[in-house]
Amino acid sequence: MASVNENLLSLSSNYLFAGIAKEVQAYRVTHPEADIISLGIGDVTQPLCPAVVEALHRATDEMARGDSFRGYGPEQGYEFLREAIRQNALLNRGIHIGADEIFVNDGAKSDTGNFQELLGTDNVVAVTDPVYPVYTDANAMTGRQIVTLPCTPENAFVPAFPQQHIDVVYLCYPNNPTGTTLSRARLSQWVDYALKNDVLILYDAAYEAYIQDDDIPRSIYEIEGARACAVEFHSYSKTAGFTGIRCGFTIIPRDVKVKTSDGRRMALNPLWNRRQCTKFNGASYLSQRAAEAIYTTVGKEQVGATIRYYMENARRMKQALQSIGLQVYGGDNAPYLWVGTPEEEPSWDFFRRLLSEAHVVCTPGVGFGPSGEGFVRLTAFGQRERTEEALQRIKHIY
Ligand code: PLP
């Protein structure tokens with residue numbers, strides 16, 4: 001009989017959002033009349049922008065004709081998209097990354113979860129607490145030792161350097177779930193720390209498009225030295241409403257290296273290429289043409305308008321919640337608000353109270369890690385009227 005990977009048994013039984021969905025569903029069954037508004041899961045609500053929709057139509061028409069049909073594409077992504085990324089997401093910010101250092105993905109979840117396959121199981125991995133659960137769970141599945149770095153109001157949700165030896169650290173800024181950011185100075189210190197201590201930084205930039213403040217880096221490669229110590233993950237999910245389309249990209253500079261057991265240094269870029277060629281057949285042609293359209297002049301304008309819409313939601317949410325005396329973090333350069341529960345009520349109690357009294361769904365902070373206890377995460381991805389309605393209801397119960 002096949003035996004189980006025992007590491008999976010150490011995971012909590014429910015992925016956080018599945019657990020929330022189950023509670024909400026149970027509430028719906030007993031309260032079918034309730035008009036529930038979700039400010040919980042980080043999915044978007046606004047439709048794809050016209051430039052993307054047109055690109056999808058064009059690509060579909062190509063697929064419908066024998067002379068332009070495309071089957072399997074390159075595992076690394078089509079050249080047209082890698083080049084568009086290089087020019088429009090990197091070079092325009094003074095970042096020099098080769099097209100062969102860009103790997104198109106089917107969204108950042110797969111790559112942030114899968115990248116650890118390139119690393120030895122004896123690596124010590126640091127994650128922030130609270131954290132996007134994918135990093136922790138993916139490493140726990142392999143049985144790696146995980147070190148947590150608490151992020152609290154006291155340290156402005158920016159972790160201190162670990163006291164103990166680590167090999168890898170996941171950093172995500174703008175942060176999910178706290179909605180906070182890393183200043184250029186602090187990110188530089190992390191890069192210096194990584195170079196000095198031979199630590200690999202896995203930098204999740206899934207929310208970079210939400211940065212409003214010019215002084216906050218949108219990519220770790222804006223920092224000198226990062227090419228030698230950091231891999232960066234991008235996603236079009238929140239940038240352009242691609243949660244259902246599935247596309248993004250991962251940057252693996254050729255200079256980022258790991259060590260072998262006999263002391264050699266080995267570049268991660270060809271290893272990831274090897275891994276992808278075995279396990280990944282590329283994001284779909286349609287998704288990649290859709291992503292390319294984001295970088296056209298009109299695409300940039302349209303995508304920018306949607307981001308402004310969500311950030312206006314965030315502004316209104318922050319203002320309304322602060323007006324009733326709640327402690328609110330994030331929401332200025334990120335679509336997430338990290339809200340202290342009244343009188344430090346436990347996260348799940350507050351979640352259930354908000355659900356039953358206001359019919360509003362939030363995400364219990366403790367689901368992202370122990371330091372999230374006493375907080376909930378609210379997202380600005382809702383429709384404006386529904387978001388306003390949710391705020392009215394929350395104000396009403398206070
Ligand atoms: N990284 C972070 C921090 C996220 O919050 C998410 C999604 O919520 C992802 C990555 C993955 O997004 P996707 O797989 O849709 O690109």
Side-chain angles (χ1 to χ4, degrees), residues 15-21 38-46 48 52 77 81 85 89 102-116 127-139 149 151 157 159 169-182 201-211 218-220 230-251 280 282-284 287-288 290-291 294 303 306-307 310 314 330-331 333-338 361-363 365 367-369 372 377-382:
Y15 183 62
L16 173 62
F17 295 106
I20 293 169
S38 178
L39 300 180
I41 193 164
D43 203 352
V44 292
T45 54
Q46 296 305 292
L48 296 169
V52 164
L81 179 55
I85 292 166
I102 299 168
F103 293 81
V104 173
N105 62 36
D106 62 355
K109 188 178 195 172
S110 323
D111 279 17
T112 51
N114 291 330
F115 201 80
Q116 46 77 31
V127 296
T128 59
D129 163 29
V131 69
Y132 175 56
V134 173
Y135 320 141
T136 329
D137 285 0
N139 281 285
L149 309 174
C151 292
F157 303 99
V169 61
Y170 287 82
L171 294 175
C172 169
Y173 288 96
N175 187 256
N176 176 15
T178 64
T180 52
T181 51
L182 261 192
I201 300 179
L202 298 177
Y203 197 74
D204 189 340
Y207 297 96
E208 59 85 8
Y210 288 84
I211 295 175
R218 287 173 157 229
S219 163
I220 196 167
V231 167
E232 185 169 271
F233 304 94
H234 287 255
S235 164
Y236 298 116
S237 284
K238 310 299 158 61
T239 307
F242 272 42
T243 50
I245 298 279
R246 312 303 307 147
C247 198
F249 61 96
T250 299
I251 301 172
F280 186 57
S284 76
S287 308
Q288 294 190 59
I294 296 168
V303 162
T306 306
I307 289 171
Y310 291 135
N333 291 285
Y336 294 122
L337 284 82
W338 190 240
V361 179
C362 63
T363 308
F368 297 99
R377 189 196 71 174
L378 296 179
T379 90
F381 289 127

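Counting starts at 1 for both ligands and their atoms, in listed order. Note that the coordinates shown come from a computational prediction; the quantities given were computed from them, not determined experimentally.
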Enquirer: For ligand 1, which atoms, with element, lie under 4.0 Å from some heavy atom of N176?
Expert: 3 (C), 4 (C), 5 (O)

Enquirer: Counting each atom of ligand 1 from 1 as listed, which ones have a heavy atom of C172 under 4.0 Å away?
Expert: 3 (C)

Enquirer: Who's the nearest protein heavy-atom neighbour of atom 15 (O) of ligand 1, and how far?
Expert: S237 OG, 2.5 Å

Enquirer: Checking side-chain polar atoms at under 3.5 Å, does T181 have a donor or acceptor matched by the opposite partner on N333?
Expert: no

Enquirer: So is F17 in contact with ligand 1, going by heavy-atom distances below 4.0 Å?
Expert: no

Enquirer: Numbering the atoms of ligand 1 from 1, which are under 4.0 Å from a heavy atom of S235?
Expert: 13 (P), 16 (O)

Enquirer: Going by atom types only, do E232 and T250 share a side-chain donor-acceptor pair under 3.5 Å?
Expert: no

Enquirer: I'd like to know if D204 contacts ligand 1, where contact means a heavy-atom distance under 4.0 Å to any ligand atom.
Expert: yes

Enquirer: List ligand 1 atoms under 4.0 Å from G107, heavy atoms only on the residue side.
Expert: 14 (O), 16 (O)

Enquirer: Please determine, by modelled atom types, if D106 and S110 share a side-chain donor-acceptor pair under 3.5 angstrom.
Expert: yes

Enquirer: With distance as the sole test, does R246 use its side chain to make a donor-acceptor pair with the main-chain N or O of S287 at under 3.5 Å?
Expert: no

Enquirer: Applying side chain to side chain donor-acceptor pair (under 3.5 Å) to N176 and R377, what does each step give before you reach the verdict?
Expert: CA-CA 9 Å; N176 176 15; R377 189 196 71 174; 2.6 Å; yes

Enquirer: Check ligand 1 against Y135 and write out every atom of the ligand that is under 4.0 Å from a heavy-atom position of the residue.
Expert: 3 (C)

Enquirer: Would you please classify the geometry between the Y135 ring and the Y170 ring as parallel, tilted or perpendicular, with 30° and 60° separating the classes?
Expert: parallel

Enquirer: Would you kindly specify which portion of A108 sits under 4.0 Å from ligand 1, judged on non-hydrogen atoms: side chain, backbone, both or neither?
Expert: both

Enquirer: Using a heavy-atom cut-off of under 4.0 Å, does the side chain or the backbone of Y207 touch ligand 1, or both, or neither?
Expert: side chain

Enquirer: Quick one: does Q288's side chain have a donor or acceptor within less than 3.5 Å of a partner on A283's backbone?
Expert: yes

Enquirer: Can you check whether K238 has an N/O within less than 3.5 Å of an N/O in ligand 1?
Expert: yes

Enquirer: Where the side chain of Y132 meets the backbone of K109, is there a donor-acceptor pair that is under 3.5 Å apart?
Expert: no

Enquirer: Using heavy atoms and a 4.0 Å limit, tell me yes or no: is G42 in contact with ligand 1?
Expert: no

Enquirer: Check this for me - ligand 1, Y132, N or O atoms closer than 3.5 angstrom, yes or no?
Expert: no

Enquirer: When only distance counts, is R246 in polar contact with ligand 1, meaning an N/O pair under 3.5 Å?
Expert: yes

Enquirer: Do the ring planes of Y210 and Y207 sit parallel (below 30°), tilted (30 to 60°) or perpendicular (above 60°)?
Expert: tilted

